[in-house]
Student: 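Take this structure, written in C-alpha cells, and hold onto it; I'll ask about it next.
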Amino acid sequence: MVMVHDLPAPVGAGLYNVYTGVQVDAADGSVVPTAAQLGLEPPRFCAECGRRMIVQVRPTGWWAKCSRHGQVDSLDLDTRR
C-alpha cells in the first residue's frame, strides 16, 4: 500500500487538491471530481503549491510536471504499490 507521504511532491499530501487546485482546508477543498474518483482523471494541480501542471495523457498512463516541484509519472506510482 502506498503511503501518502511516500508520494512525490506534485501529487503527495500537500496544501492543495490535485484535481481542483483549491486549498485542502477550504470548505470545498476535499471535493474530488467523479472521474478522478474512478481513476480516469490525472492530477492537474500541484499538491505543494497549487500551480497548474503540464499534463500528458497517454494510453499507458500519464505524467504531470510542476514548474517548481518536478515531474511525476503514473508508471512510477504503480511500482510503489
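A quick note: this is a predicted structure, and the numbers were derived from the prediction, not measured. Just so you know, residue 1 is the first one in the sequence shown, and it goes up from there.
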Student: With the 4.5 Å side-chain cut-off for hydrophobic clustering, are V18 and V32 part of the same group?
Tutor: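 Shared cluster, yes.
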Student: For V11 and W62, which heavy atoms make the closest approach, and how far apart are they?
Tutor: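 That would be CG1-CH2, 4.3 Å.
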Student: How far apart are the closest heavy atoms of C46 and M53, and which atoms are they?
Tutor: N-CG, 3.7 Å
Student: Can you give me the closest heavy-atom contact between Y16 and G50, atom names plus distance?
Tutor: CD1-N, 3.3 Å
Student: Looking only at non-hydrogen atoms, find the nearest pair between D73 and R58 and report the distance.
Tutor: OD1-NH2, 2.6 Å
Student: Just do the side-chain contact (heavy atoms from CB on, under 4.5 Å) check on R51 and S67 with the steps written out, would you?
Tutor: CA-CA 8 Å; R51 285 184 172 85; S67 62; 3.9 Å; yes
Student: Let me confirm one number: the OG1-CZ distance from T20 to F45, rounded to the nearest 0.5 Å.
Tutor: 7.0 Å
Student: Kindly give the heavy-atom pair with the smallest separation between S74 and G61, and that separation in Å.
Tutor: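 Here S74 and G61 meet closest at OG-CA, 3.3 Å.
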